Amino acid sequence: NHAGKPIRCKAAIARKPGEPLVIEEVIVAPPKTGEVRIKIICTSLCHSDLTFWKLKDPPAIFPVILGHEALGVVESVGEGVHEVVEGDTVIPIFLPDCGECTDCLSEKSNLCTKFPFSVSHWMDREETSRFTDINGETLYHFLSVSSFSEYTVVDIVHLTKIDPTIPPNRACLLSCGISTGVGAAWKTAKVEAGTTVAIFGLGAIGLAVAEGSRLCGAKRIIGVDVNQDKCEIGKKFGVTDFVNPGNCEDKTVSQVIMEMTGGGADYCFECVGMNSLVQEAYASCRKGWGKVVVLGVDHPNAMLTFNSFEVLYSGKSIMGSFFGGLKPKSDIRILEKRYKDEELRLDEFVTHEVEFKDINKAFELMIEGKSLRCVIWM
Ligand code: CXF
Ligand code: ZN
């Protein structure tokens, strides 16, 4: 029993941008007020880990313990924590949910005001780290989670209890990417039955949008991707039509989608993080009621440009979707139930699994575009 004492364990440290992670011994301090120390069972690689690993400028910082999509078991709790107890199975979520502020109490928002989201390198309640390496050097936190460690400390506002009977390598997917995609269709766009959806980018997020759209009863799900292999892969996730921008000859993707749908898709989702694609998505959706949902992450300083007249007379909406508009503590439970009821599919997203010592393999697979989700077992 280590409660109240530091734990020495292994963590994968990103010491320099773009360089392979190194597994080292680290010291994980006990949880302070409002915090929970958890033993990570498994974690999976999300594209945001890759984005921040490669980034040479702020908000990236090194040395850092990356990782934020995971499943763990509570090892010990800090003062004032009553929501979880030792032994509970939990998933960390980068988006806080305090349950008390105006936003957390509102059905319309998932952006906590008491703990506003930021790309911080510290714990949530004070600017300190719970990690040091064996030389006493401070290691930074990532997205309030840092799951590439056998033990991590997470604020209670970032934890959601989960049914311990669900396989860990499935439940951990609900921690970020898949929930984000499914939520974007369900909660942000509120996709209606019988409608047409267009998804730009069929990575894990795009395919999760397809899964969410299918659950909402969408009739037609058009996938757009430059990788022709995604045509077959998409079918497994309910994609009914496929457009490869490379095969559109003299037409733009939006022209092709306009023709296919006779006036545009009801909902368009940008899941790549490329500004030109947001424009293309905007041009692909139905005037009057079309919704464009922005999910992809472009460079932090990238700007979107739209013609004001067009925005005015098109009647289209452009919406941002952070964590798919999901409220971490209440909506994940609903997705969990739909998985148990065999409605929501998660299994198909796990294309690879590796041991913790081979964590760099997970990075390689994602860079090569070979994996959707690679689960890393601790
Ligand atoms: C990301 C979205 C972009 C900012 C950092 C967090 N979400 C999850 O991967
Ligand atoms: Zn993520």
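One-based numbering, in listed order, for ligands and for the atoms of each. Because the structure is a prediction, the values reported are computed rather than measured.
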For ligand 1, which atoms sit closer than 4.0 Å to a heavy atom of Cys46? 9 (O)

Between Phe148 and Phe142, does the ring centre distance come in under 6.0 Å? no

Atoms of ligand 1, numbered as shown, that sit under 4.0 Å from any heavy atom of Ser48: 1 (C), 7 (N), 8 (C), 9 (O)

Counting the benzene-type ring for Trp, do Phe363 and Trp53 have ring centres under 6.0 Å apart? yes

Would you call Asp163-Lys340 a salt bridge at under 4.0 Å N-O? yes

Given that the side chain starts at C-beta and the backbone is N, CA, C, O, which of these parts of Phe94 lies under 4.0 Å from ligand 1, counting heavy atoms, or is it both or neither? side chain

Without hydrogens or angle criteria, can the side chains of Ser321 and Thr188 be said to hold a donor-acceptor pair below 3.5 Å? yes

Can you list the steps and then say if Glu100 with Lys114 is a salt bridge (charged side-chain N to carboxylate O under 4.0 Å, His left out)? CA-CA 8 Å; Glu100 292 167 3; Lys114 198 165 159 195; 2.7 Å; yes

Any Val297 heavy atom less than 4.0 Å from ligand 1: yes

Look at Lys337 together with Glu343 and state whether they make a salt bridge at an N to O cut-off of under 4.0 Å. no

Please note down the angle at the Zn ion (ligand 2) between NE2 of His68 and SG of Cys176, to the nearest 10°. 110°

Could you list which atoms of ligand 1 come closer than 4.0 Å to a heavy atom of Phe322? 2 (C)

Which ligand 1 atoms, with their elements, are less than 4.0 angstrom from a heavy-atom of Cys176? 8 (C), 9 (O)

For ligand 1, which part of His68 has a heavy atom less than 4.0 Å away: the side chain, the backbone, both, or neither? side chain

